[in-house]
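Residue numbers start from 1 in every chain, and the chains themselves are labelled A, B, ... in the order their sequence lines are given, proteins ahead of strands.
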Number of protein chains: 2
Amino acid sequence: MPKKALSQYAILGLLCWKPMSGYDIKKLVEVGLSFFWNVSYGQIFPVLNKLVAEGWATKHADPASGGRGRVAYEVTTKGRKAFKTWLGEPSGLPQLRDELKLKFFLTSRSGTADGVRLLEEYGVQQREHLAMLKESEVVLRVALSQAEMPDELLELRQALGWDDQPDTHDHANELLVFYLTLRSGVLVAEARVAWVDEVLPILKAGKIPRQKSSKETK
Amino acid sequence: MPKKALSQYAILGLLCWKPMSGYDIKKLVEVGLSFFWNVSYGQIFPVLNKLVAEGWATKHADPASGGRGRVAYEVTTKGRKAFKTWLGEPSGLPQLRDELKLKFFLTSRSGTADGVRLLEEYGVQQREHLAMLKESEVVLRVALSQAEMPDELLELRQALGWDDQPDTHDHANELLVFYLTLRSGVLVAEARVAWVDEVLPILKAGKIPRQKSSKETK
DNA sequence: TTGCAACCTATCTAAAAGATATATCGTAAC
DNA sequence: GTTACGATATATCTTTTAGATAGGTTGCAA
């Protein structure tokens, strides 16, 4: 068997948090992981079936919740063990597919006009993305620094699916890890913005200035 | 037709540089693009056939080069036009699949021990990757700042396929763009290292220090 | 009572990744 | 000289992933 099947473990890991439906998983990934991981419905349902087939999860049709055909999946002890094993295995480098950087690279033979335009587009896109991440960051910092719970946090708890078990678990570490992960998104987006700011003048000038940027004095 | 088929344009864009074989394309991507884009043989050959079928490229069996069954693909005027069109179309956000960050995020319910280990692993991995990129950066800076050509640059020219046409084209802008693109890899890798350095102490302490990092004074 | 938006499970097709099959050439060991 | 091996090179196979969409239910508003 030649593949990695990482999405399988991503979904298994989410089920270790609590039993979920396919739709829950999709939403949770969109809210919390989308800037470093994604899953599509085309993966989720085949994977869920596979997990059940391998005995890593069980499937419960839950007619209680409104009569809708809601199907919840719950991880088994065997599944939990498989997840733990995966955590200990070596991991590959981050894989990236950056459309604008690709375009930028490919224009190098056709003069600098296209390159300048693409860089500017990249700057706009990344600043926008960064602003979005920073908004979430503020909400999370508030949540972490004070005991009472503002409205935004209630919303966040709901999005994360923490609105179910009021006092059994305080979610303190989850909240912290979520914040720390988000920080990585912020730092990387800032780096991409900084790249545009550094590189755009160079491309316009056609050459690298003698004095490099100040932070180069490491 | 529901898909993006970005690799198609990546390969088309490379063919706009000069006629190449599938193997050439693979090598070139590995040398120059691998930290923000990748293609596999499983994409290259189907795409090349498709390009020919659409009239965007022509296929030449080239028996001159040693009698080997070398097959070169050359872009057509129609293909060049299609590439230009694609350059002007809107681009999506960078798509990332970061295995270690995924693992880190998923461990938030099982205490901090796994998280600390994973972060340390991430730091090692990214520092290593950064060192590699910085080596290439030095070579490129040398190449850009002086007229004469050191041995490393000859090697680089060869890897990029610039060892063919000695004086017809000076490749100055390609070299510059290649350097600028590489800078983005360096800045992002530095951001990831910085993330680990910021986040690891917080996770160990279990809480965010009152005073955030100095650069927060934007 | 119709219409429609949000919710939810699920599948279909195309694109991409990774391993591997196949064949040629150069060269070094036997 | 011929056999073995590694590098070059084209290509395909299978699995995994992405994106669009199908199809059904529920709640609500016109």
Side-chain angles (χ1 to χ4, degrees), chain A residues 1-12 19-30 33-34 36-52 59-73 92-99 102 158-159 161, chain B residues 1-12 19-30 33-34 37-53 59-73 92-99 102 158-159 161:
Chain A
M1 66 223 65
K3 303 310 138 35
K4 315 290 283 312
L6 296 179
S7 289
Q8 189 180 0
Y9 290 99
I11 290 168
L12 182 62
M20 274 187 276
S21 70
Y23 193 74
D24 292 335
I25 289 168
K26 178 66 174 159
K27 264 193 308 180
L28 185 51
V29 168
E30 271 168 10
L33 291 76
S34 59
F36 66 93
W37 201 269
N38 267 297
V39 284
S40 64
Y41 285 125
Q43 303 164 259
I44 290 174
F45 289 99
V47 162
L48 285 173
N49 287 330
K50 205 178 155 197
L51 292 181
V52 171
K59 181 176 183 173
H60 311 279
D62 182 3
S65 64
R68 245 173 300 192
R70 185 185 171 76
V71 180
Y73 293 82
L93 280 171
Q95 294 298 305
L96 193 57
R97 287 173 70 87
D98 194 325
E99 195 175 339
L102 174 66
Q158 207 163 13
Chain B
M1 69 225 61
K3 301 311 139 37
K4 315 291 281 314
L6 295 178
S7 289
Q8 189 180 0
Y9 290 98
I11 290 168
L12 182 62
M20 274 186 277
S21 70
Y23 194 74
D24 292 336
I25 289 168
K26 177 68 174 160
K27 264 193 307 181
L28 185 51
V29 168
E30 272 167 9
L33 291 76
S34 59
W37 202 268
N38 267 297
V39 284
S40 63
Y41 285 125
Q43 302 163 257
I44 292 174
F45 290 98
V47 162
L48 286 174
N49 288 330
K50 206 179 156 196
L51 292 182
V52 171
K59 181 177 183 174
H60 311 278
D62 183 2
S65 64
R68 244 173 298 191
R70 185 183 171 78
V71 181
Y73 294 82
L93 280 171
Q95 293 298 305
L96 192 58
R97 287 174 70 88
D98 194 326
E99 195 175 338
L102 174 66
Q158 208 165 11

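- When distances are taken from the side chain of B:Ala5 to each of C:dC8, C:dA15, D:dA9, the shortest belongs to C:dA15.
- One can place CE of A:Met20 at 17 Å from P of C:dC7, the figure rounded to the nearest angstrom.
- Summarising the geometry of A:Trp37 relative to A:Val29, their closest heavy-atom pair is O-CG1, 4.0 Å, with the distance given to 0.1 Å.
- When rounded to the nearest whole Å, the span between CG of B:Asn49 and P of C:dA15 equals 14 Å.
- For the OP1/OP2 pair of C:dA17 and a distance below 4.0 Å, the side-chain nitrogens and oxygens of A:Arg97 include at least one atom meeting the criterion.
- What you find for B:Ser7 and B:Gln43 is that their closest heavy atoms are OG-NE2, 2.6 Å.
- For B:Lys26 and C:dA19, the NZ to C1' distance is 12 Å, given to the nearest whole Å.
- Here D:dT17 is the nucleotide among C:dA15, C:dC8, D:dT17 with the atom lying nearest to any side-chain atom of A:Leu6.
- Atom NZ of B:Lys4 is separated from atom C1' of C:dA14 by 13 Å (rounded to the nearest Å).
- If you check residues 36-44 of chain A against DNA chain D, the residues with a heavy atom closer than 4.0 Å are A:Asn38, A:Ser40, A:Tyr41, A:Gly42, A:Gln43, listed by number.
- B:Val71 places none of its side-chain heavy atoms less than 4.5 Å from the side chain of B:His60.
- One can place CD of B:Glu30 at 13 Å from C1' of D:dA9, the figure rounded to the nearest angstrom.
- Contact between A:Ile44 and A:Ile25 at its shortest, heavy atoms only, is CD1-CG2, 4.1 Å.
- Annotation for A:Lys4 and A:Tyr9: closest pair O-CE1, 4.4 Å, computed over non-hydrogen atoms.
- Among D:dT8, C:dC8, D:dA11, the nucleotide with an atom closest to any side-chain atom of B:Tyr23 is D:dT8.
- Proximity of a side-chain donor or acceptor of B:Lys26 to a complementary backbone N or O of B:Val39 within less than 3.5 Å is detected.
- Between the CD atom of B:Glu99 and the C1' atom of D:dT16 there is a distance of 14 Å, given to the nearest Å.
- Atom CZ of A:Phe45 and atom C1' of D:dG24 are 13 Å apart (whole Å).
- Across the protein-nucleic acid pair, B:Ile25 atom CD1 and D:dA11 atom C1' stand 14 Å apart, rounded to whole Å.
- For B:Gly22 against B:Leu48, the heavy-atom pair with the smallest separation is CA-CD1, 3.9 Å.
- When the nucleotides C:dT11, D:dT10, C:dA15 are ranked by their closest atom to the side chain of B:Lys50, C:dA15 comes out on top.
- Residues A:Ser7 and B:Pro46 each lie close to DNA chain D; by heavy-atom proximity, the contact nearer the 5' end of the strand is made by B:Pro46.
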